[in-house]
Amino acid sequence: MARTIVTSALLYANGPLHFGHIAGAYLPADVYARTLRMCGDEVLAVSGSDDHGVAITISAEKAGEDYASYVARWNGNMRATFDALDIRYDIVSGTSTCPDHADLSREFFSRLMENGYLVERRTDQLFCVADDMFLADRYVEGTCYKCGSEGARGDECPSCGTWIDPLEFKDPRCKICGSTPEARSTTHWYLDLPKLRDEKIGDWIRDHEWKTNVEKFIQNLLEDVPERAITRDMSWGVSLPPEVGEAGEGKVLYVWFDAPIGYISFTKELMRERGTPEAWKDWWQSDDTQLVHFIGKDNIPFHCLVFPSMLHGTGDGYVLPAAVPANEFYNLKGGKFSTSGGNAFDVVEFVKEWGVDTTRFYLCSTMPETSDSEFSLEQLIQTANTALAGTIGNLATRVLKFIAKNFDAVVPQLHEQHREEMDRLILEECGPIEDPAALVKEFRFRRAAEAVVANATVANVFVDRLAPWALRKEDPEKAASALNTLCEWLNWQARWMAPFMPHKAQQLWEMLGHASAVADQPWPGTPSAEDWRSLSAGAPLGTPEALFPRIQAPEPKA
RNA sequence: GGCGAGGUAGCUCAGUCGGUUAGAGCACUGGCUUCAUAAGCCAGGGGUCGCGGGUUCAAGUCCCGCCCUCGCUACCA
């Protein structure tokens with residue numbers, strides 16, 4: 001049995017989850033996991049929050065909260081959003097709350113050090129006495145020593161674009177409190193990415209098949225990959241392992257170092273809860289596992305270069321990612337979703353108003369797979385009314401209501417003399433039938449969503465060709481055979497819908513008279529004449545209701 | 001400044017290794033149908049593929065230059 005670890009980027013616990021995140025890394029992961037599970041694969045889906053880092057401590061202090069509860073709040077927001085959209089993981093944890101996280105992160109550090117992939121360096125950095133902390137480049141500002149403009153940041157001058165060395169500012173200011181920081185000497189550890197690259201991972205990256213939008217980015221990056229500091233002077237985070245000695249006091253692992261390790265530590269946490277504490281190794285240290293990271297494009301360097309380097313550098317046989325289906329960005333009104341910039345809305349409220357499945361489907365059908373794409377409420381409503389209500393929902397009601405009125409609300413009989421004609425018609429002559437799962441496995445979610453609708457169109461064409469309302473009078477047996485065929489088709493339609501629209505799929509499944517869960521059904525693939533039928537004539541059907549009631553477009557707001 | 005992505009129909013987007021008349025959905029127009037949620041089916045109009053050069057028998061696709069948009073630039077899909 002194939003086994004796959006599906007991860008979604010750990011969300012930085014510093015703000016709410018918005019549609020950009022969801023369309024980028026969470027919904028595709030969920031659809032992918034649901035699809036693989038129906039296909040019979042074993043899947044482990046992992047996500048959570050990335051809780052450490054300076055930005056969080058600063059925001060928490062501004063909000064007057066302690067770090068842990070600040071982080072817990074955003075982690076809670078994430079869980080609530082997942083629930084609202086029915087996005088499911090085997091575990092959603094957080095790097096500050098997962099009991100296995102700190103130890104495993106330190107173990108990574110230690111193993112990398114043993115294997116000679118860490119470099120210790122002493123450098124000068126600006127330290128704010130008032131705030132009692134070393135200042136990350138971005139938290140320093142001053143007058144640009146090249147163009148003289150004020151308000152240059154510690155990393156770059158926005159006026160002239162010069163790369164700034166904050167130590168060269170004549171008038172450095174702490175961006176947090178405005179006081180003048182001083183230079184202090186500090187020791188940090190660097191991940192020796194050039195060495196890791198040269199000792200195998202470079203070849204692996206070059207030879208690996210990446211999604212096209214990842215390929216160029218990563219190959220370029222590989223050319224001059226720098227050493228990267230993986231420690232920071234602060235208290236909120238994972239402390240360093242004891243073997244670094246006194247130099248490690250008051251320091252923690254840098255967030256981007258410990259964050260991806262969360263995928264593994266969360267798995268450990270889950271397996272311990274399940275009572276099989278060693279089972280995480282079967283996933284993470286097994287050659288048979290397929291590791292798939294769902295992320296947004298901004299995370300490409302970490303997941304395609306840095307994290308694989310770390311995994312390889314431990315020498316502990318960790319699996320390297322098989323695929324990193326990074327999405328581009330999902331925009332709102334031409335700009336990025338941004339909660340701080342006000343260009344966003346409350347996802348939970350939105351879903352309450354427009355519906356889980358409708359939202360999921362629309363996001364799938366507009367996902368930024370190959371280039372940035374655009375979210376629009378008008379289009380969502382249009383999609384809901386045409387593809388969902390018109391094509392799929394109406395197919396179900398036109399068939400099932402007709403049967404309820406004229407065929408006693410049971411599966412009509414297929415008369416043998418019609419079998420061949422019916423099969424040929426619907427399987428060959430009413431349009432192409434596509435397998436959405438095949439497209440999902442290629443990470444083509446947009447086309448997969450289209451395929452679900454296109455398959456419903458096949459049945460709509462079939463209805464129009466046979467016109468059962470006329471046939472009922474001329475040749476009732478043939479009408480029964482046609483309607484039987486349509487019931488069988490709906491039986492497929494519900495399963496095709498399940499990974500994308502779990503609730504509506506279940507609702508349709510029940511309308512067909514099933515009591516089971518559609519998500520537990522094996523994936524159907526595409527039908528072939530030999531064995532695509534499974535319903536028994538005379539089996540009672542459920543009550544047909546509009547699957548997707550049409551929605552009224554809201555009055556344009558002034 | 002550096003790096004990356006993008007500019008294709010009114011809108012949102014596909015376009016593989018360069019290869020017939022450049023595709024889809026929505027929107028629009030016309031016809032058919034009346035089972036169904038004013039739903040369905042069929043047909044049609046609509047494009048100088050950002051601009052200018054070049055390579056080629058052949059360029060949306062490759063090369064050079066330019067314009068515009070967006071993102072990242074080390075905390076945020």
Side-chain angles (χ1 to χ4, degrees), chain A residues 8-15 17-28 50 52-59 136-138 146 155-157 160-163 212-213 216-217 220-221 226 228-229 254-256 259 294-302 326-331 334-340 365-366 368-376 378-379 382-383 385-391 393-403 405-406 430 444 446-447 450 453-454 457 459-465 467-472 479 483 544-550:
Chain A
S8 292
L10 298 195
L11 183 74
Y12 200 56
N14 196 25
L17 197 56
H18 54 62
F19 276 158
H21 302 117
I22 293 162
Y26 302 98
L27 182 57
D50 173 9
H52 298 134
V54 192
I56 281 175
T57 59
I58 292 171
S59 302
D137 293 349
R138 244 175 100 165
K146 189 154 183 190
D155 53 350
E156 123 183 336
C157 169
C160 68
T162 304
W163 278 61
T212 42
N213 62 337
K216 286 180 188 168
F217 199 91
N220 203 310
L221 203 71
R228 297 194 55 156
Y254 189 26
V255 266
W256 67 252
F294 284 88
I295 57 170
K297 64 176 167 185
D298 55 335
N299 252 325
I300 291 172
F302 300 109
N327 272 331
E328 300 291 305
F329 285 118
Y330 202 44
N331 295 321
K336 70 171 190 170
F337 279 92
S338 155
T339 26
S340 50
S365 71
T366 53
E369 272 163 24
T370 54
S371 64
D372 289 3
S373 66
E374 183 81 13
F375 170 90
S376 121
E378 292 70 30
Q379 286 212 344
Q382 222 152 48
T383 301
N385 284 338
T386 56
L388 299 183
T391 306
N394 184 56
L395 170 68
T397 39
R398 75 193 299 205
V399 170
L400 296 175
K401 283 194 177 177
F402 191 81
I403 293 174
K405 274 185 203 160
N406 303 301
C430 290
R444 305 179 69 170
R446 299 175 88 131
R447 280 207 50 205
E450 275 171 33
V453 179
T457 295
N460 276 319
V461 172
F462 179 88
V463 174
D464 275 51
R465 289 255 201 122
W469 52 90
L471 216 47
R472 184 172 70 89
L483 290 162
E545 276 163 29
L547 260 188
F548 299 94
R550 284 181 64 85

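All chains are named by letter (A, B, ...) in the order of the sequence lines, taking the proteins before the strands, and each is independently numbered beginning at 1.
Considering every non-hydrogen atom in both A/Ser365 and A/Arg446, the closest pair reads O-NE, 3.6 Å. Taking each heavy atom of A/Tyr26 and A/His21 in turn, the nearest pair found is CD1-O, 3.2 Å. Of all non-hydrogen atoms in A/Tyr330 and A/Thr366, the two that sit nearest each other are OH-OG1, 2.6 Å. For A/Thr391 against A/Thr457, the heavy-atom pair with the smallest separation is CG2-OG1, 3.4 Å.
Taking atom P in both B/rG50 and B/rA59, one finds a spacing of 15 Å when rounded to whole Å. One C1' atom belongs to B/rU37, the other to B/rG30, and the distance between them is 24 Å to the nearest Å. Rounded to whole Å, the separation between the C1' atoms of B/rG52 and B/rG7 comes to 16 Å. For B/rG15 and B/rA9, the C1' atoms lie 14 Å apart once the distance is rounded to whole Å. B/rG25 and B/rG19 have their P atoms separated by 22 Å, given to the nearest Å.
One finds a side-chain N or O of A/Arg550 lying less than 4.0 angstrom from the OP1 or OP2 phosphate oxygen of B/rA39. Residue A/Lys297 places none of its side-chain N or O atoms closer than 4.0 Å to OP1 or OP2 of B/rC70.
Side chain of A/Val461, nearest nucleotide from B/rU37, B/rG6, B/rC41: B/rC41. Distances were taken from every side-chain heavy atom of A/Arg398 (C-beta onward) to each of B/rC13, B/rC35, B/rU37; the shortest belongs to B/rC35. Comparing B/rC41, B/rA36, B/rG6 by their nearest atom to the side chain of A/Ser371 picks out B/rG6. The listed nucleotides are B/rA24, B/rC41, B/rC11; the one nearest the side chain of A/Asp464 is B/rC41. Distance from the side chain of A/Thr386 is smallest to B/rC26 among B/rC76, B/rC26, B/rG4. Nearest nucleotide to the side chain of A/Glu374, out of B/rC70, B/rU37, B/rU12: B/rU12. Checking B/rU12, B/rA24, B/rG40 against every side-chain atom of A/Asn460, the shortest atom distance belongs to B/rG40.
Summarising the geometry, the separation between CD on A/Glu369 and C1' on B/rA24 is reported as 14 Å, rounded to the nearest angstrom. As a whole-Å value, the separation of A/Glu328 CD from B/rG7 P is 11 Å. If you measure from atom OH of A/Tyr12 to atom P of B/rC72, you get 16 Å, rounded to the nearest angstrom. Whole-Å rounding puts the A/Asn331 CG to B/rC72 P distance at 10 Å. The distance between atom CZ of A/Arg447 and atom C1' of B/rG23, rounded to the nearest whole Å, is 12 Å. For the pair A/Arg446 CZ and B/rG23 P, the computed distance is 20 Å after rounding to whole Å. Between the CD atom of A/Gln379 and the C1' atom of B/rC13 there is a distance of 9 Å, rounded to whole Å. For the pair A/Asp372 CG and B/rG4 P, the computed distance is 16 Å after rounding to whole Å.
Both A/Glu450 and A/Glu545 sit near RNA chain B, but only A/Glu450 has its closest nucleotide nearer the 5' end. Across the interface with RNA chain B, nearest-nucleotide mapping of A/Gly393 and A/Tyr26 shows A/Gly393 to be the residue nearer the 5′ end.
Base pairing of B/rA24: its partner is B/rU12, meeting the Watson-Crick or G-U wobble criterion (both donor-acceptor distances under 3.5 Å). Using Watson-Crick or G-U wobble geometry with both donor-acceptor distances under 3.5 Å, B/rG1 finds its partner in B/rU73. Look at B/rG65: its Watson-Crick or wobble partner, with both distances under 3.5 angstrom, is B/rC51. Across all strands shown, the partner of B/rG19 is B/rC57, judged by Watson-Crick or G-U wobble contacts whose two distances both fall under 3.5 Å. B/rC41 is paired with B/rG31 under the Watson-Crick or G-U wobble criterion, all donor-acceptor distances under 3.5 Å.
Across all strands shown, A/Gly53 has no heavy atoms under 4.0 Å from either base or sugar-phosphate atoms. Among the atoms of the strands shown, none is found under 4.0 Å from any heavy atom of A/Ile22. In this structure, A/Pro226 reaches the bases: a heavy-atom distance under 4.0 Å links it to at least one base atom across the strands shown.
A donor-acceptor contact under 3.5 Å is formed by the side chain of A/Asn394 with the base of B/rA36.
Aromatic ring pairs are classed by plane angle as parallel below 30°, tilted from 30° to 60° and perpendicular above 60°; the pair A/Phe19 and A/Phe375 is tilted.
Using a 4.5 Å cut-off on side-chain heavy atoms (C-beta onward), A/Lys297 and A/Asp372 make contact. Between A/Asn327 and A/Pro28, some side-chain heavy-atom pair lies under the 4.5 Å cut-off.
Judged by centroid separation below 5.5 Å and plane tilt below 30°, A/Trp469 stacks onto the base of B/rC35.
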